[in-house]
There are 2 protein chains.
Amino acid sequence: MAIEFSSIRKEGLSVQIANAIRSAIIDGRLVVEERLPSEAELSDRFGVSRSTVREALKRLAAQNLIRSERGSSGGAFVNRITRDEAQESLVTTLRLMIGMNDIAFEEAIEARFTLESACLGLAAGRCKAEDLAELRAEIDRQRSPDLSDEDFCASDVTFHSIVGRATGNPLLAFQMAGAVEAMQPLMNMLVYRLRDRHRIADLHEGIANALEQRNADAAWQNLEALASYTRELADKRRAPRQGSGDTSNN
Amino acid sequence: MAIEFSSIRKEGLSVQIANAIRSAIIDGRLVVEERLPSEAELSDRFGVSRSTVREALKRLAAQNLIRSERGSSGGAFVNRITRDEAQESLVTTLRLMIGMNDIAFEEAIEARFTLESACLGLAAGRCKAEDLAELRAEIDRQRSPDLSDEDFCASDVTFHSIVGRATGNPLLAFQMAGAVEAMQPLMNMLVYRLRDRHRIADLHEGIANALEQRNADAAWQNLEALASYTRELADKRRAPRQGSGDTSNN
DNA sequence: AAAGTCTAATTGTCTGACAATTAAATGTTT
DNA sequence: AAACATTTAATTGTCAGACAATTAGACTTT
């Protein structure tokens with residue numbers, strides 16, 4: 001291990017220890033799946049109590065950096081972060097930023113559609129048959145009449161996540177999916193009448209068709225229309241006083 | 001508060017408690033800057049020991065959801081996440097994904113430049129004089145001959161973060177800055193000869209000029225050239241055996 | 001050989017104590 | 001009365017030691 005920590009006082013011990021281990025992981029001195037020393041041994045090495053070590057480990061676990069297993073051959077292991085864990089973390093962060101840092105609805109929508117337009121450029125050249133199939137499956141779903149508003153939104157999220165994946169670039173897929181999912185609560189605030197849903201499904205189909213024909217321009221046009229339409233819906237929602245935050249489903 | 005938690009066994013108590021409080025924060029039942037009950041009171045309410053509550057709170061603190069203050073009027077407060085905290089979290093997550101999930105150099109570069117090209121479209125229409133001034137300041141810096149490789153990379157990161165900010169959209173700026181910063185370690189692995197630096201600075205200047213003239217196409221061309229050039233450098237680095245990971249600066 | 005049992009290692013939780021820090025109340029001096 | 005010093009109370013941070021729960025592996029029995 002050889003984890004040193006140059007005491008920046010005023011930070012609690014558990015924070016210092018967490019930082020020491022975190023940097024050891026991030027710059028590779030501890031490799032994935034490697035087992036850390038036991039809590040008892042860590043408290044010895046760092047010269048602190050076991051509770052303090054534990055609080056440090058919990059911090060790291062909350063960042064998905066380590067995972068703890070019980071039992072005789074248990075311990076804390078450097079965690080290979082999964083796509084899902086990373087995405088959950090991204091979504092949480094984005095939602096917090098949106099919720100607490102005066103990010104306007106319009107700004108969120110713009111960021112999301114800007115990102116997606118970038119993805120479409122790549123996806124048009126690369127998307128596979130199976131991506132298209134999944135896209136069309138979601139479109140069908142969106143057209144089924146007995147779908148709650150929230151399920152419709154969820155399908156919308158899935159659709160655009162697939163667009164991200166269709167770029168064939170895992171990082172773009174990750175950022176796209178994170179952004180779309182983070183904005184689901186915002187989208188959930190909108191009211192989708194039946195003809196809104198059909199209009200949206202049609203535009204989605206336009207995108208899918210454009211991708212199938214490898215026609216990026218057509219895809220962009222449909223996305224642009226989708227963005228405008230979303231803005232219209234958002235304006236309607238905003239207009240009649242934005243109160244009564246009930247999303248009365250069922 | 002009114003925090004209920006429906007026991008999904010097999011998860012530890014501290015995890016359950018953390019989850020309960022986390023959802024209370026995320027969907028707004030606890031508002032920013034609100035003070036949580038003291039640790040003693042939380043242990044009463046949840047019927048667990050103080051250590052368990054503390055571990056839960058440490059988890060939340062690690063996600064920047066709360067912050068703890070000591071003293072008579074201290075306690076745990078719902079944290080208004082700052083741009084910097086959010087970005088640090090994003091960068092950590094992205095770096096972990098890149099480092100541990102078989103993301104290729106090429107994929108990382110592609111994601112970064114795709115994102116940036118999307119930003120340029122907006123920035124061309126919106127960037128302010130002060131953004132341009134900052135961009136040019138970084139370009140000057142990149143041309144100064146006595147600059148270590150790492151400082152050059154750092155300036156590169158700054159440059160592209162400013163491009164993100166020039167979109168005027170805080171979310172895009174956030175994602176752009178996060179992506180660029182996350183890839184700094186990768187960029188640091190490249191070797192920048194003097195003429196490479198000048199070439200890059202020239203392309204940066206091309207971007208800045210294009211933005212000043214509100215010419216998105218010109219900006220894209222320069223960015224495209226920059227992307228190709230970066231790929232060339234990456235190939236060179238890869239070719240002569242990628243060992244000897246020393247980044248001998250100075 | 002298979003099945004069950006014991007054992008040791010490790011994390012999870014509990015309890016109770018004390019230290020450190022901070023704001024507010026209280027007291028003291030000018 | 002105002003300024004300053006002291007005490008007090010509330011709260012988080014750390015410590016120590018205990019026991020429960022879980023797990024893998026060694027051991028025993030059939």
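Chain A is the first sequence line, chain B the second, and so forth, proteins listed ahead of strands; every chain is numbered from 1. Not measured: the values here are computed from a predicted model.
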Practice prompt. Give the rounded distance in Å between these two atoms: CZ of B/F77 and P of C/dA23.
Written response: 10 Å
Fill in: Distance in angstrom units between A/R70 CZ and D/dT23 C1', rounded
10 Å
Worksheet item: Can you tell me if the side-chain N/O atoms of B/S14 get under 4.0 Å from OP1 or OP2 in C/dT13?
Response: yes
Worksheet item: Any side-chain donor-acceptor pair under 3.5 Å between B/Q87 and B/E181?
Response: yes
Worksheet entry | Contact under 4.0 Å: A/T52 side-chain N or O vs D/dC15 OP1/OP2 | yes
Response to the item:
Separation of D/dT12 atom C1' from B/L60 atom CG, nearest Å, is 16 Å
Worksheet item: According to a strict under-4.0 Å criterion, is A/K58 in side-chain N/O contact with OP1 or OP2 of C/dG12?
Response: yes
Worksheet item: Looking at A/R45 and A/E39, does any basic side-chain N land under 4.0 Å from a carboxylate oxygen?
Response: no
Worksheet item: So which nucleotide from D/dA24, D/dT11, C/dA17 ends up closest to the side chain of B/R50?
Response: C/dA17
Worksheet item: Any side-chain donor paired with an acceptor under 3.5 Å for B/N169 and A/E107?
Response: no
Worksheet item: C/dT21 P sits how many Å from B/R67 CZ, rounded?
Response: 19 Å
Item to complete: Write down the distance between CD (B/Q16) and P (C/dT13), rounded to a whole number of angstrom.
Response: 9 Å
Item to complete: Give the nucleotide from the list D/dT14, D/dT11, D/dG13 with an atom nearest to the side chain of B/R35.
Response: D/dT11
Discussion item. Quick test of your reading of the model: are B/E33 and B/R80 salt-bridged, counting only N-O distances below 4.0 Å?
Written reply: no
Worksheet item: Tell me: CD of A/E55 to P of C/dT13, nearest whole Å?
Response: 13 Å
Worksheet entry | Closest listed nucleotide, where the reference is the side chain of A/S72 and the choices are C/dT11, D/dT12, C/dA8 | C/dA8
Worksheet item: Base, sugar-phosphate, or nothing: which does B/S51 touch, judged by heavy atoms less than 4.0 Å apart?
Response: base
Item to complete: Please tell me which of A/G47 and A/S73 maps to the more 5' nucleotide of DNA chain D, matching each residue to the nucleotide holding its nearest heavy atom.
Response: A/G47
Worksheet item: Should B/S49 be listed as having a side-chain N or O under 4.0 Å from OP1 or OP2 of C/dC14?
Response: yes
Discussion item. From CD of B/E11 over to C1' of D/dA21, roughly how many Å is that when rounded to an integer?
Written reply: 15 Å
Practice prompt. Would you indicate, yes or no, if C/dG12 has its OP1 or OP2 atom less than 4.0 angstrom from a side-chain nitrogen or oxygen of A/R54?
Written response: yes
Discussion item. One thing to verify: whether A/R35 and A/E69 come together as a salt bridge, which I'm taking to mean a side-chain N less than 4.0 angstrom from a carboxylate O.
Written reply: no
Worksheet item: Taking atom C1' of D/dA21 as reference, at what distance in whole Å does atom CD of A/E69 sit?
Response: 15 Å
